[in-house]
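To find a chain, count down the sequence lines: A is the first, B the second, and so on, and within it residues start at 1.
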Protein chains: 2
Amino acid sequence: MAKQTITIYDVAREAGVSMATVSRVVNGNPNVKPDTRKKVNEVIERLDYHPNAVARGLASKKSTTIGVILPDITEMFFASLARGIDDIASMYKYNIILENSDEDVDKKVEVLENLLAKQVDGVIYMGNAIDDRLREAFKSARTPVVFAGSVDDKHSMPSVSIDNEAAVYESVRKLVENKNKKIAFISGPLSEPVNGKFRIEGYKRALADAKIDFNDNLVFETSNTYDDGIKLASQIASSDITAAFVANDSLAVGLLNGLQDLDVKVPEEFEIISSNNTSLAKMVRPQISSIGHPMYDTGAVAMRLLTKLMNKEEVEERNITLPYDMVFRQSTK
Amino acid sequence: MAKQTITIYDVAREAGVSMATVSRVVNGNPNVKPDTRKKVNEVIERLDYHPNAVARGLASKKSTTIGVILPDITEMFFASLARGIDDIASMYKYNIILENSDEDVDKKVEVLENLLAKQVDGVIYMGNAIDDRLREAFKSARTPVVFAGSVDDKHSMPSVSIDNEAAVYESVRKLVENKNKKIAFISGPLSEPVNGKFRIEGYKRALADAKIDFNDNLVFETSNTYDDGIKLASQIASSDITAAFVANDSLAVGLLNGLQDLDVKVPEEFEIISSNNTSLAKMVRPQISSIGHPMYDTGAVAMRLLTKLMNKEEVEERNITLPYDMVFRQSTK
DNA sequence: CATTACCATGAATACGTTATCAAATTTTCA
DNA sequence: TGAAAATTTGATAACGTATTCATGGTAATG
């Protein structure tokens, strides 16, 4: 009953060839006579032989596995990216080892070492915070790494993302055009470059273009959660702010619902533009205007870039910027 | 520059011991003198030695990796389960290889074989459809498999889930108590046992208890998407149906928004109870009453069960049913 | 002090492939 | 037809670790 694992050696013996030949057949090496190929394939079929990927990995030094590090798979944004990655990965016969980092530095480094120990052929990193220790770990790894959905602000790593500065600029300009004078900037931690550097720069530039003074009191640093959006609502409602750019959809929905619970009319009395345009944005009422982040494509392109790097192909550009679009819905006039 | 991989052999030589001893130290084998352990550890530290997990896997026949098969990681329900799985997995030092199946039978079988080739120590399967071919593949695998979030209706596989029949019964009973006579049952494919068997049985039982005749025209079979919920709305609105159990949150939100767009008042004119209580349910207005499915816990418990099976520990019960709770919000009176 | 039991260690081998290189076979071409 | 070239094949050595079994050393026992 206990059918023992059948190996390449069993196939070789049964087919009357050497294991080298079996290996060639399995790997599609052209240097094998059609007759023997057929014979070997028959035996493989008959014995139901499946190559052991671990042994193969040891011998070839390739695992056909890549590591994916992300903050939290339950965040729609990262799940969408992950889906794009996985689809392209499986197209190229790679598997994905998923690791949730919770944006915890120690955990990230640990997780990376773990992945490297497993001999992954490449790593895709998602997440906004990146500290020197992690950057160092990435650099000393002999394994290609691609950032997806964010860029290392020092541009030391290959990456795929959108131009967040421009996208936020465009969003805020729209709010300005709609006659708003007091426009809030609401995001997660400003320590993350995407917020504290790129996005806020876009915000400032749009204000400057409109000759509106930047006011620190209009910058709200919170977490990217629905609940924090709700909490923020009363504070916002009791101010004279009339519009906000919100860097995350869940956060924006929280704010939206919170404001409406306080009888603030959106968009008549308050306008909102969020970032990412996850499915959430069109599921709430009023539907939220949002920066259309090509999430799936970002993952897909990142994975494609990674395949090139793993293959040591020449890549023209290591830092890829994907186009975004502005999706205006009912949360703006 | 090109720092070559340093192996257990390098450590052994440098520490003046055999590789067997190094292996013992690395694996925490108690049979090693404290002095030598210390010495070896120092060398490991100094050389920055990291055991090669692939070689280890080949030698020990354990990969400390498990496979996770799910329909689509971008569905909140599965993402939450996956998160629970991952947290427990990393607690037990396992890694997760993620595979999206898209509920495609061929792809599932292929994906499973791929996972087995990679010598995963266990598999967690999520998804509602399961055909004989896949069941056969699971059974012939010498690797433990656990179903999470669904049960094989033949109970041939270990599983962790809630009692969907009871949960739907309770939901529909609530709708009956609220004086609804025409109550719709809306779900994804009835070919999936969770819908076509468990959930609809609960629906029928609740109707029978209330002496309401089961009417096939009140059963709507669709897909679990927001858009299909929207589409369904006009059909529902033009009928005399006054309430619905909806087997999926996205679908329910689509229906809710669709109805409201048609000026149907929820819950005054139409009541909705959905299944799963993902974060979506409380993000829309009115908030949706829902079956509180312990998604994270389901994943966590499934993973814990899997560790026991991989460890060949005795398990008292292979089919675990987790408690759910009913979360009544504003979509019911 | 001699004997036994136990603990710590090392040598050698297995794990199942791929890769290298030489040998054997076939094909080509003058 | 014979030599050279090209193609196909096999023997064998990695790959980096865990594991088994034997052995030497040390402590315990009488």
Side-chain angles (χ1 to χ4, degrees), chain A residues 3-41 43-44 47-65 93 113-114 116-121 142, chain B residues 3-41 43-44 47-65 93 113-114 116-121 142:
Chain A
K3 64 168 171 186
Q4 56 188 359
T5 61
I6 79 121
T7 74
I8 200 173
Y9 186 75
D10 298 318
V11 176
R13 178 170 32 73
E14 203 73 10
V17 298
S18 74
M19 40 190 297
T21 299
V22 177
S23 176
R24 288 190 188 96
V25 171
V26 169
N27 291 299
N29 186 317
N31 291 349
V32 48
K33 220 187 323 190
D35 282 1
T36 51
R37 180 188 304 279
K38 182 153 166 284
K39 186 172 57 179
V40 170
N41 274 326
V43 176
I44 288 177
L47 300 187
D48 191 32
Y49 164 73
H50 292 272
N52 180 324
V54 174
R56 198 197 288 235
L58 183 58
S60 69
K61 292 178 166 257
K62 284 177 189 151
S63 61
T64 61
T65 302
K93 305 293 178 197
E113 287 182 350
N114 181 20
L116 295 177
K118 294 236 163 153
Q119 311 294 111
V120 293
D121 298 332
R142 302 181 289 301
Chain B
K3 65 166 173 187
Q4 56 188 355
T5 61
I6 79 121
T7 73
I8 199 172
Y9 186 76
D10 298 316
V11 176
R13 179 170 31 74
E14 203 73 10
V17 298
S18 75
M19 40 189 295
T21 299
V22 178
S23 175
R24 287 189 188 97
V25 171
V26 169
N27 292 299
N29 185 317
N31 290 349
V32 48
K33 218 185 327 188
D35 282 1
T36 52
R37 178 187 304 280
K38 183 153 165 285
K39 185 172 55 179
V40 171
N41 274 326
V43 176
I44 288 177
L47 299 187
D48 192 33
Y49 165 72
H50 292 272
N52 180 323
V54 174
R56 197 195 287 234
L58 182 59
S60 68
K61 291 176 166 262
K62 283 176 190 152
S63 61
T64 61
T65 302
K93 306 293 178 196
E113 288 182 349
N114 181 20
L116 295 178
K118 294 238 163 151
Q119 310 296 112
V120 294
D121 298 333
R142 300 180 290 301

**Message:** Each nucleotide in nucleotides 17-22 of chain C should get exactly one letter: B, S or -. Can you fill that in based on protein heavy atoms under 4.0 Å?
**Reply:** BBBB--

**Non-hydrogen atoms of B:V120 and B:S63 that approach each other most closely** = CA-OG, 3.5 Å

**Prompt:** Can you tell me if B:N52 and B:H50 form a side-chain donor-acceptor pair at under 3.5 Å?
**Reply:** no

Please list every donor-acceptor pair under 3.5 Å in which a side-chain atom of residues 23-33 of chain B meets a protein atom from a residue at least two apart or in another chain.
unit_1	atom_1	unit_2	atom_2	d
B:S23	OG	B:N27	ND2	3.3
B:N27	OD1	B:R56	NH1	3.2
B:N27	ND2	B:S23	O	2.8
B:N29	OD1	B:N31	N	2.8

**Request:** Work out which heavy atom in A:A12 is nearest to a heavy atom in A:M19; give both atom names and the distance.
**Result:** CB-N, 3.6 Å

**Item:** Where chain A begins and ends its contact with DNA chain D, read 5' to 3' at 4.0 Å from heavy atoms
**Value:** D:dT8 to D:dG16

**Complete:** A:A117 and B:P51 have their tightest heavy-atom pair at CB-O, 3.7 Å

**Asked** Taking only residues two or more places apart in sequence, or in another chain, which ones meet A:K38 in a salt bridge (Lys or Arg N to Asp or Glu O under 4.0 Å)?
**Response** A:E42

**Item:** Closest non-hydrogen atom pair between B:T7 and B:Y49, with its separation
**Value:** C-CE1, 3.6 Å

**Request:** Of all the heavy-atom pairs spanning B:G57 and A:V54, show the shortest one and how long it is.
**Result:** C-CG1, 4.0 Å

**Message:** Please determine whether a side-chain nitrogen or oxygen atom of B:T21 lies at a distance below 4.0 Å from atom OP1 or OP2 of C:dG10.
**Reply:** yes

**Item:** side chain to side chain donor-acceptor pair (under 3.5 Å) partners for B:K118, two or more places apart
**Value:** A:T64, A:T65, A:N95

**Prompt:** Under 3.5 Å, is there a donor-acceptor pair between the side chain of B:D121 and the main chain of B:K62?
**Reply:** no

**Prompt:** What residues form a side-chain contact (heavy atoms from CB on, under 4.5 Å) with B:S18, not counting sequence neighbours?
**Reply:** B:A20, B:T21

**Prompt:** Base, sugar-phosphate alone, or nothing: which one does A:V54 contact when heavy atoms must sit under 4.0 Å apart?
**Reply:** nothing

**Prompt:** Roughly how bent is the helix from C:dC1-D:dG30 to C:dA30-D:dT1 end to end, in steps of 10 degrees, with each end axis from five pairs?
**Reply:** 30°

**Request:** Enumerate the residues from residues 28-36 of chain A whose closest heavy atom to DNA chain C is under 4.0 Å, giving them by residue number; use none for an empty result.
**Result:** none

**Prompt:** What pairs meet the salt bridge (charged side-chain N to carboxylate O under 4.0 Å, His left out) rule with one or both residues in residues 6-21 of chain A, with sequence neighbours excluded?
**Reply:** A:D10-A:R13, A:E14-A:R46

**Item:** CD1-CD1 distance between A:I6 and A:I44, expressed to the nearest 0.5 angstrom
**Value:** 8.5 Å

